[in-house]
Each structure stands twice: as structure tokens, then as C-alpha cells.
Asker: 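Take this structure first; my questions come after.
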Amino acid sequence: MLDHKPFCDLCFIERHDAQGRRYIRAYKTVWVKKTDGKPGHPKLGVQHHVGALKDNGLVKISKQFLERYPGLKGRDWYYYDHALYDWESYQSLTGNAKAEKPLVPGDEDDETQEPNNKIFGSTFALFSLLQSSGILDSLTTVFGKNDAYALAAQAIYHLLARGSADAFPVWSYNYYLPSEALLSGQRISELFTRVSREKMDQFWFERYKRAQSLKRSDNPQMLKRFCIIDSTSISTYSESIEQAEFGHAKRDADIPQINLSVVMDQQTGEIVYACVSSGSINDFSSFSDVVARMQQVGFDMNDFAFVADRGYGSNGNINMLIREGVPFVLGVKMGDKSINDKLLRSKYSLLKRYVTYDGELKVHAVTVDEKVKVGEHEKTVYTHLYYDPIRGTEECTSLRGFLQEVLKQKDAKQKVAAEDWRRAAPWLKVVKVKDDSQGGEHKRSLDTYQIDESKWEGFERRSGCFVIRTDVYANPLDALRLYRMRNLIEDGFKALKNGADGDRLRTTSRSYWGKLLSFLISECLVMMILHAAALDKQSTGEKSKPIPGNSVPKLLLHLSKIRMSRHRQSDRWKVDQPTKMQRMWLQKLFGIEKLPGFI
């Protein structure tokens, strides 16, 4: 019987079925003896099914064949020229770049061996979104198909698992992924080293060209593309990353950091451009650098208008945007320079009157316009002043209560936390009082702290107030509506730092561009899902809640319940039917009308 024949006696042949699926059959040539009518001749003996043949040459050997030939267990085998070879021999014979070394040992008793069912819904939905949005095409244009799929898989891995590169092969055994996306931990590190700043810039430019071509087909007049710009700090322990410096991080201030600046489309949530600067550079200084780098890559700044918070709203940045001809809607800090003009101060005195109140946005608003000339460029710039009475009351109540608590601690001779004292000290003053515990005429003077009421009056007058400067909107309410949409980028940074574990960069200078790009693709995925949910809410009404619990991670957990199981009759995978709710999520958020029956 075949069970007792040595493995070296077998030959192998490739076959395919009516659906085009390839598989390998094993056979042994036997000699037919000469008869009266025919001479002796060879023929194929009994054939046995070996297993499915993958695109990279790997043969997925069936359980039955392994039972006949237990010597094949524990290794991966590849088909070439009517024989099976191990990975090293196959690669030396073919030079096939697609051949991947086994991710883990292939022992049948190993718990990491490929299971008979896998999680399908979440990874399939995310890959489909990358394809429909054109992100996968842009990655392929810049990095080639194999690296593009691998980078896409890493972005999905960050969202679903937040694990290390070494853990990816084990994780991938339980999830559906295209074969091009399967890499070992070492290959992932090599993948990241092939991503450079120049290639990352080229990727963003490919995305820009695609967006422009879509706009030209939809809107020949090419309206301005309003984009939010903001930055966030990412800590790193690496000593080899050149941009890593100590900065002004809200947390982990004792760890070097890099600053990640992101330009995001306000309407779609799509990242338009991203770049890295040194951790010690603030928002004021980085703005002009971002614009200059976008121009250097090839972006036409006439297509854009920038929206940014007050961290970017300096006179220098406004002059730079006017000189470059880029429209803007910028927040401005409520300092003396913002209201030092006589006309501006006269308008400020009207700010809190009821005639300036808008019930929809719940703010008072007044406007001052002025002509600003920068070189040969002159524009009308509108300075909008706002007062939010609810926010003003909350700010005053919060700060006053905090200061009173600090004073109680000082009067009781208790130690005040250093951070609390740094916050309270600017609003306090030292007052000398007599020590009543001493008797007689010569009482000792004691230093005590009180709230400085003159400073408090200034704070109370400015509390709840904020300023927006723009050369786009003469109406302050229109400017405010657009400005409030900038919270979209904060959601993106939360996705990067919380959902995709991008709050700390655990990598070296050789591979950090690749890891950063995979994190940003993760952020793109989350923002596209949130944007699809927002569009559905606009079309169906306020009660629509297409994302369960308004949480993308929770949504992906629900989709992970859709699994695929290995079909008994073939090497294909049968996909479970989704529930009614899962079908709704797939249609509205990912544009998937129907899942495939088999993979």
C-alpha cells in the first residue's frame, strides 16, 4: 500500500478544477509488462490528493496525506517541477520573491497551526475600505503590490490587536488576510525600513492627485478644499531618531518626542498630508514648514484653505498665508494684542449685550474688518469676537473654586502639589497681616496669600471669550460653524494614540517612517468610518446611530463575530452569513452590499 512506500518514490503533478483552483496530486509510475498485442510501457499508478497549491508555491498538505506520510509533518513544502521541496531548496531553485519562510513551526500538535475557522468580518471590511478609498492603489503605486498589502495589514493589525511585529504571525493565523499580507516579524521590520520620508511624501501626493481627479469630474469649478491642520506629540525612547527632542508634552514630559503634523480634509476626514518635525518645535513655528513641504512635494496651495486652532494663529502665520494666497480660518489667543485696537475694544464692549446673541450657536458675536497688506498681496481680514456665557460661567466657577481650595491648604500649613501651585500662583498675591495669636502691642506680621482681585477682574472679563481671524467669512456665525468642525482631527489623534497604540513610537530611525505610515493608515480607516456614520446621520436624522456605542473598536468587535470555516470538500473557506445588524454596518460604513460566499 501507499502507506509503506518511501516518499522519494513519488512524483507530483499540478491539476486544476472547473473553478480554476489549483491542487497537487501524487502518483508513482508503474511498468506495464509486454503482452501479445502491446509492447511494455509506463503508466500512472494510483493517484492521491496532496493538497491545494497556493500562489507562492506553498502546498497546503491535506490531513489524509499527512497520515500516509507522517515524515512530511513539521515543515512547509513547495511544489516545483513535479517534486516537493522545503523552503530553502525551493527558493534556491526558483528565486521566487513571493516564497515566504514559514511564520511558525508547522507541527500538527502546535496550537498556532492554521485553524479550521478564522475571524473574517472585521479584516475583510477594513481591507475593502482601503480598496474602495483608493488607499491600497496609492500604496501599490509607490511601494509595489506586496509591500502595499503588507503595510495595509499592519495598519489593520494596529487597530484590532495593538501588538508587536513579532506577534503578528501568530495573530494572523486566526484572521482572514490576503496571502500577500502574511509576513514574519523579521520581514515586517525589513518592510518598515523600505519606507522613507520621500516615499511617504510620494504616497500623500498620490492621494492628492486622486482627490483632485475626482473633484474635477464632480465639480469642474474646483472649489477650495478646507483642511484642518494640527499636531500631536509622540514619545519615543529611541536615541537614533534625529527629530526626537524634549518638548512640551502634556504627559511623559521627561521622554523625548517627535511632533506629528497632520493636514486633514474637513469634509471627509481623509488625511491630506502628514510630516514630522523636531519635538521642541511649537505649532507657531511648524505651520510655515508644513506649507513649504507640501509645496515642495507638489501640492498646489491654491486648492486649499486652512482651518486651525489658536496654537497656529500668529500674525506671522497669517501674513505667510496671505503671501502664499491660501485662505484661512484661524483661532487667535485672547491676549492684549488681540484687543489693543481702539475700534476692537469698542466692539468688545458690545460683545455681551443681548442684541449680539445667536440662539443656535449659543454665543454673542461681533466683527471688525481691516485691510492687511503683505508685499503685493492685500486682503480683507475679519476679526470675529465671541462670548460663550455658559463656558464663561464654568471657567470662572472652576478657577475660583480651585484657588479657594489652594488657599485653604496654605492657611492650614499643608503642602500644595507643585503642579497646583504653578497653576494658582499667577492669580495670588502676598498680603501682610498681624498675628493675632501674639499678645501686646508688638504683634508680628505674617505673610498670607489672597486672590489678586485686579487680575481676577481681567480674567472674568475675558472668560468665555475667543477670537477667530479669517479672510473667508464676513459673517462670524458662518466662520464659527466651520471652525467647530476642527474637532474631527482630535478624533483622528485619539484613534492614532488610543485605538492604534500610536502614543509611543517603539522603533529605531531605520524603520520609524514605515511604522508611522502604518499608524496613519489606521487613523485614515477610523476617520473614514466616522465620516460614513456622519453622512448617514445627516441623511436619516439625529436618531441614526450606525456605530454601536459610538465606538469604532466596539463596531470591529461585532464584525469579528463573522467567521469563515474550511470547506470539507475543498481547500476553500466558507463565509458565515451576517446578521441583519452586521449587514447594515457593512453597507452603511464600508459600502459592502454582500459578503462573498466562499474565499
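Every value quoted in this text rests on a predicted model; they were computed, and no experiment measured them.
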Asker: List the atom of L555, the atom of I547, and the distance in Å for their closest heavy-atom pair.
Answerer: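 Minimum heavy-atom contact is CB-CG2, 4.4 Å.
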Asker: Minimum heavy-atom separation for L589 to L129, with atom names?
Answerer: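 Here L589 and L129 meet closest at O-CD1, 4.3 Å.
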Asker: Which heavy-atom pair separates K588 from A532 by the least distance, and what is that distance?
Answerer: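 Looking at all heavy atoms of both residues, the shortest contact is O-CB, 3.7 Å.
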Asker: Between R210 (side chain only) and S133 (backbone N and O only), is there a donor and an acceptor less than 3.5 Å apart?
Answerer: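 Between the backbone of S133 and the side chain of R210 there is a qualifying donor-acceptor contact (under 3.5 Å).
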Asker: Do the rings of Y79 and H82 sit parallel, tilted or perpendicular, given the 30° and 60° boundaries?
Answerer: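 The rings of Y79 and H82 stand perpendicular, inter-plane angle above 60°.
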Asker: Quick one: are L559 and W585 in side-chain contact, heavy atoms under 4.5 Å?
Answerer: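 When only atoms from C-beta onward are counted, W585 and L559 do touch, with a gap below 4.5 Å.
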Asker: Under 6.0 Å between ring centres: does that hold for F120 and Y176?
Answerer: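 Yes.
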Asker: Could you work out, with side chain to side chain contact (heavy atoms under 4.5 Å, CB included) as the rule, every residue matching A150, not counting sequence neighbours?
Answerer: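 For A150, the residues satisfying side chain to side chain contact (heavy atoms under 4.5 Å, CB included) (neighbours in sequence not counted) are L183, L191.
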Asker: Please assess D76 against V59 for the test side chain to side chain contact (heavy atoms under 4.5 Å, CB included), listing each intermediate value before the final yes or no.
Answerer: CA-CA 8 Å; D76 281 0; V59 180; over 6 Å; no
Asker: For A274 versus L260, what's the shortest heavy-atom pair and its separation?
Answerer: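 Closest pair (atom of A274, atom of L260, distance): CB-CD1, 4.3 Å.
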Asker: Please determine, by modelled atom types, if S560 and S122 share a side-chain donor-acceptor pair under 3.5 angstrom.
Answerer: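 Yes.
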Asker: Applying side chain to side chain contact (heavy atoms under 4.5 Å, CB included), run through Y78 and D86 and close with a yes or a no.
Answerer: CA-CA 6 Å; Y78 294 82; D86 59 20; over 6 Å; no
Asker: Determine yes or no for a side-chain-to-main-chain donor-acceptor pair under 3.5 angstrom, with Q582 supplying the side chain and H558 the backbone.
Answerer: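 Looks like yes, one N/O pair under 3.5 Å.
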Asker: Assert yes or no for the condition that the ring centre distance of H49 to F65 is strictly below 6.0 Å.
Answerer: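 They do not qualify: ring centres at least 6.0 Å apart.
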Asker: Kindly say whether the aromatic ring centers of Y273 and F299 come within a distance under 6.0 Å.
Answerer: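 Here the rings of F299 and Y273 have centres that are less than 6.0 Å from each other.
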Asker: Do D147 and R194 have side chains that get closer than 4.5 Å, going by heavy atoms?
Answerer: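 Yes. Closest side-chain heavy atoms under 4.5 Å.
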Asker: Is the backbone N or O of P578 less than 3.5 Å from a side-chain atom of R583, with the two atoms forming a donor-acceptor pair by type?
Answerer: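 Between the backbone of P578 and the side chain of R583 there is a qualifying donor-acceptor contact (under 3.5 Å).
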Asker: Would you say the rings of F304 and Y208 are close, in the sense that their centroids are separated by under 6.0 Å?
Answerer: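 Yes, they do, as the ring centres are separated by less than 6.0 Å.
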Asker: Check whether any side-chain N or O of S522 sits under 3.5 Å from a backbone N or O of A155 as a donor-acceptor pair, and report yes or no.
Answerer: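 Yes: the side chain of S522 pairs with the backbone of A155.
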Asker: For D576 and I562, which heavy atoms make the closest approach, and how far apart are they?
Answerer: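 Heavy-atom minimum between the residues: O-CG2, 3.9 Å.
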Asker: For the rings on F168 and Y157, is their centre-to-centre separation under 6.0 Å?
Answerer: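 Ring centroids of F168 and Y157 are less than 6.0 Å from each other.
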Asker: With a 4.5 Å cut-off on side-chain heavy atoms, are I188 and Q154 touching?
Answerer: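 When only atoms from C-beta onward are counted, I188 and Q154 do touch, with a gap below 4.5 Å.
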Asker: Decide side chain to side chain contact (heavy atoms under 4.5 Å, CB included) for L139 and Y149; before the verdict, give the C-alpha distance in whole Å, the side-chain angles of both, and the deciding distance to 0.1 Å.
Answerer: CA-CA 8 Å; L139 286 171; Y149 274 76; over 6 Å; no
Asker: Has S89 got a side-chain atom pairing as donor or acceptor with Y85's backbone, closer than 3.5 angstrom?
Answerer: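 No, the answer is negative, given that no donor and acceptor are paired below the 3.5 Å cut-off.
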Asker: Step through the shown structure and confirm whether more than 12 heavy atoms of other residues, nucleotides or ligands are within 6.0 Å of CE on M584.
Answerer: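 Buried by this count: over 12 neighbours within 6.0 Å.
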Asker: Please name the pair of heavy atoms, one in L177 and one in F127, separated by the smallest distance, quoted to 0.1 Å.
Answerer: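 Shortest heavy-atom contact: CD2-CE1, 3.7 Å.
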Asker: Would R225 and Q212 count as a side chain to side chain contact (heavy atoms under 4.5 Å, CB included) if you check the C-alpha gap in whole Å, the side-chain angles of each, and the deciding distance to 0.1 Å?
Answerer: CA-CA 10 Å; R225 190 178 185 186; Q212 295 305 102; 4.3 Å; yes
Asker: With a 3.5 Å distance limit and no angle check, can you tell me whether W77 reaches the backbone of L72 through a side-chain donor-acceptor pair?
Answerer: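 Judged by distance alone, yes, a pair lies under 3.5 Å.
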